[in-house]
Amino acid sequence: VQLQASGGGLVQAGGSLRLSCTSSASTFRNHDMGWFRQGPGKEREFVSAISSSGSGASQRHSDSVKGRFTISRDNAKRTVYLQMNTLKSEDTAVYYCAARSHTAGYYFRSDLYNYWGQGTLVTVSS
């Protein structure tokens with residue numbers, strides 16, 4: 001499975017960006033999809049996840065982005081989106097999309113994802 005992330009860039013604080021991640025998997029609809037990020041000098045952290053379509057495509061968000069970020073999926077396009085609003089300087093990071101066969105729970109654990117995209121850089125200027 002190959003994941004291609006895009007949509008990063010430079011944005012001012014308070015602005016918005018939408019990240020996209022397109023999968024090569026024919027079984028995309030059965031995959032949980034997640035977004036993680038790694039800021040300068042920081043460890044990789046969980047951002048958001050959406051479960052497989054068969055499990056209701058439920059969303060999960062970290063506390064730091066809840067209310068500002070939305071995750072969605074388009075199975076026909078094999079793409080997951082991360083809509084990021086009201087961006088803050090602390091959102092500056094390389095954002096990675098990840099995929100796994102549906103597993104109940106533990107969406108925040110990066111070690112449970114089998115496939116990773118190459119990352120896209122988001123820079124928020126204050």
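This is a predicted model, so every value here is computed, not measured. The figures here come from the full heavy-atom set of this structure, side chains too, leaving out hydrogens, waters and symmetry mates.
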So, taking the atom named OG1 in Thr92 and the one named CG in Leu121, what distance separates them when rounded to the nearest 0.5 Å?
8.0 Å

Quickly, which of Ser53, Ser52, Ser23 forms a side-chain contact (heavy atoms from CB on, under 4.5 Å) with Arg29? Name it, please.
Ser53

Look at atom CD of Glu90 and say whether more than 12 heavy atoms of other residues, nucleotides or ligands are closer to it than 6.0 Å.
yes

Return the CD to CD distance between Glu43 and Gln38, rounded to the nearest 0.5 Å.
8.0 Å

Determine whether the side chains of Asn85 and Ser16 contain a donor N or O and an acceptor N or O closer than 3.5 Å.
yes

Would you please say whether a donor-acceptor pair under 3.5 Å links the side chains of Thr22 and Thr79?
yes

With rounding to the nearest 0.5 angstrom, report the CD to CE distance, Gln59 to Met33.
14.0 Å

Taken to the nearest 0.5 Å, the spacing of Arg78 CZ from Thr27 OG1 works out to 8.5 Å

Start with the C-alpha distance between Ser20 and Gln4, add both sets of side-chain angles, then the distance that settles side chain to side chain contact (heavy atoms under 4.5 Å, CB included), and finish with yes or no.
CA-CA 8 Å; Ser20 301; Gln4 181 69 43; over 6 Å; no

Flag yes if Phe46 and Val65 sit in one hydrophobic cluster, no otherwise; membership is Ile, Leu, Val, Met, Phe, Trp, Tyr, and two members link when side-chain heavy atoms are under 4.5 Å apart.
no

Closest contact, heavy atoms only, Val80 versus Phe28
N-CZ, 4.1 Å

Heavy-atom pair of closest approach, residues Phe36 and Tyr113
CZ-CE1, 3.6 Å

Are Val47 and Tyr115 grouped together when hydrophobic residues (ILVMFWY) are joined by side-chain heavy atoms under 4.5 angstrom apart?
yes

Decide whether Val122 and Trp35 are clustered together by the hydrophobic rule: side chain heavy atoms of Ile, Leu, Val, Met, Phe, Trp, Tyr closer than 4.5 Å, transitively.
yes

Pair Asp91 + Lys88, salt bridge at N-O below 4.0 Å
no

Quick one: do the Ser58 and Ser51 side chains pair a donor with an acceptor below 3.5 Å?
yes

Gln118 versus Ala5, closest heavy-atom pair with distance
NE2-O, 2.9 Å

Rounded to the nearest 0.5 Å, what separation is found between the NE2 atom of His31 and the OG1 atom of Thr103?
10.0 Å

For the residue pair Ser64 and Arg37, what are the closest heavy atoms and their distance?
OG-NH2, 3.5 Å

Group every Ile, Leu, Val, Met, Phe, Trp and Tyr by side-chain heavy-atom contacts under 4.5 Å, then state whether Leu82 and Leu17 land in the same group.
yes

Run the numbers on Phe69 and Leu87 for side chain to side chain contact (heavy atoms under 4.5 Å, CB included), then give the verdict.
CA-CA 9 Å; Phe69 290 11; Leu87 283 161; 3.9 Å; yes

Heavy-atom distance under 4.5 Å between the side chains of Glu45 and Ser110, does that happen here?
no

Taking every non-hydrogen atom, the tightest pair across Arg100 and Gly105
NH2-O, 2.7 Å

Mind checking whether Leu112 and Phe108 sit in one hydrophobic cluster, side chains of I, L, V, M, F, W, Y counted as touching below 4.5 Å?
yes

Over all atoms of both residues, closest heavy-atom pair of Ser72 and Ile50
CA-CD1, 3.9 Å

Do Asn30 and His102 have side chains that approach each other closer than 4.5 Å (heavy atoms only, starting at C-beta)?
no

I need the Met84 CE to Thr70 OG1 distance, nearest 0.5 Å.
11.5 Å

